[in-house]
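When reading the values below, keep in mind they use all heavy atoms of this one structure, side chains included, and skip hydrogens, waters and symmetry mates.
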Amino acid sequence: MTKAAAIYNFWNSFLTAYEENTVPENATFPYITYQLVTDSFDTDVQMTASIWYRGSSWVDINAKVEEISKTISQGGKILNCDNGKIWLKRGTPFAQNMGDESDNLIKRKYLNITAEFFTAD
């Protein structure tokens, strides 16, 4: 599995996920957008993801972020990929509340992730 596929599968294990440049116009809430950033051996890179919900409450989106946080855990989450592994870790700050100027019912959580690549290429 490629690095891109491993990252895609990770985010899609929580909700429907789209690379941030490929969100279809008909995407329905809730969903995740994520940055696809890759590198090679022993390199830390920063990446972000956003969790998108629409409604009047933060309860459901906060629960989803907590689920993601627990999955990554204090020690990080290892993803298998071709020729190696990707070690995802929570960045600092891990999650931030955001909104959308076009619709005050849209709730967004902005996540900071550090990925360390243990791959040959």
Side-chain angles (χ1 to χ4, degrees):
M1 173 181 330
T2 66
K3 292 181 256 190
I7 292 168
Y8 170 84
N9 286 341
F10 172 76
W11 291 116
N12 268 276
S13 71
F14 301 104
L15 291 170
T16 300
Y18 306 100
E19 194 281 328
E20 65 184 1
N21 298 301
T22 63
V23 181
E25 287 185 26
N26 64 346
T28 58
F29 294 98
Y31 62 88
I32 296 172
T33 57
Y34 65 93
Q35 265 184 322
L36 179 59
V37 181
T38 62
D39 213 320
S40 57
F41 185 72
D42 199 28
T43 303
D44 281 349
V45 297
Q46 301 303 310
M47 63 175 63
T48 63
S50 291
I51 315 303
W52 300 85
Y53 275 67
R54 188 169 191 281
S56 58
S57 171
W58 288 89
V59 172
D60 291 340
I61 193 170
N62 286 338
K64 185 58 65 176
V65 170
E66 186 65 24
E67 177 188 350
I68 294 167
S69 180
K70 286 180 180 178
T71 298
I72 296 173
S73 79
Q74 191 65 28
K77 173 74 174 168
I78 303 290
L79 308 180
N80 293 314
C81 64
D82 294 338
N83 302 315
K85 300 191 181 297
I86 304 166
W87 184 16
L88 298 183
K89 298 169 265 186
R90 294 182 297 217
T92 304
F94 175 62
Q96 303 171 61
N97 283 6
M98 299 185 83
D100 188 306
E101 292 179 9
S102 68
D103 184 343
N104 66 357
L105 289 178
I106 293 178
K107 308 294 185 244
R108 176 182 176 199
K109 285 284 198 168
Y110 183 81
L111 306 182
N112 290 302
I113 305 292
T114 300
E116 189 168 354
F117 291 85
F118 295 98
T119 58
D121 52 4

Please tell me whether [X] and [Y] are part of a single hydrophobic cluster in this structure, the criterion being side-chain heavy atoms less than 4.5 Å apart.
| X | Y | answer |
| --- | --- | --- |
| Y18 | V65 | no |
| I78 | I7 | no |
| L36 | L88 | yes |
| Y34 | M47 | yes |
| W58 | F14 | yes |

Do any N or O atoms from the side chain of [X] and from the backbone of [Y] form a donor-acceptor pair under 3.5 angstrom?
| X | Y | answer |
| --- | --- | --- |
| N112 | P93 | yes |
| D100 | I106 | no |
| K107 | I61 | no |
| E19 | N21 | yes |

Is there a side-chain contact between [X] and [Y] in this structure, where contact means two heavy atoms from C-beta onward sitting under 4.5 Å apart?
| X | Y | answer |
| --- | --- | --- |
| I86 | K3 | yes |
| D121 | S40 | no |
| I113 | F94 | yes |
| L111 | S50 | no |
| Q46 | T114 | yes |

In chain order, what residues pass the salt bridge (Lys or Arg N to Asp or Glu O under 4.0 Å) check against K109, with sequence neighbours excluded?
none
Heavy-atom count check: over 12 atoms from other residues, nucleotides or ligands less than 6.0 Å from Y110 OH?
no
As a quick check of understanding, evaluate side chain to side chain contact (heavy atoms under 4.5 Å, CB included) for R90 and Q74, giving each step before the final call.
CA-CA 8 Å; R90 294 182 297 217; Q74 191 65 28; 2.8 Å; yes
Take I32 and W52, measure what side chain to side chain contact (heavy atoms under 4.5 Å, CB included) needs, and give me the verdict at the end.
CA-CA 6 Å; I32 296 172; W52 300 85; 5.9 Å; no
Got a second to check how far K77's NZ is from K85's NZ, nearest 0.5 Å?
11.0 Å
Restricting to side-chain contact (heavy atoms from CB on, under 4.5 Å), what partner residues turn up for [X], sequence neighbours left out?
| X | answer |
| --- | --- |
| F41 | F118 |
| T92 | none |
| L105 | R54, S56, D103 |

If I compare all heavy atoms of A27 with all of V23, which pair ends up nearest, and what's the gap?
CB-CG1, 3.9 Å
Check L79 against A6 and note the closest heavy-atom contact, atom names and distance.
CD1-O, 3.8 Å
Under the side-chain hydrogen bond (donor to acceptor under 3.5 Å, both in side chains) rule, what pairs show up with a residue in residues 6-17, not counting sequence neighbours?
none
Using the rule given for side chain to side chain contact (heavy atoms under 4.5 Å, CB included), can you reason through I72 versus F10, listing the C-alpha separation, both sets of side-chain angles and the distance that settles it, and then say yes or no?
CA-CA 10 Å; I72 296 173; F10 172 76; 3.8 Å; yes
Take I68 and I51, measure what side chain to side chain contact (heavy atoms under 4.5 Å, CB included) needs, and give me the verdict at the end.
CA-CA 10 Å; I68 294 167; I51 315 303; 3.7 Å; yes
Presence of salt bridge, E67 and K64, under 4.0 angstrom:
yes
K89 bridged to D44 by N-O distance under 4.0 Å:
yes
Listed partners of F29 passing ring-ring contact (aromatic ring centres under 6.0 Å, His included), at least two apart
Y31
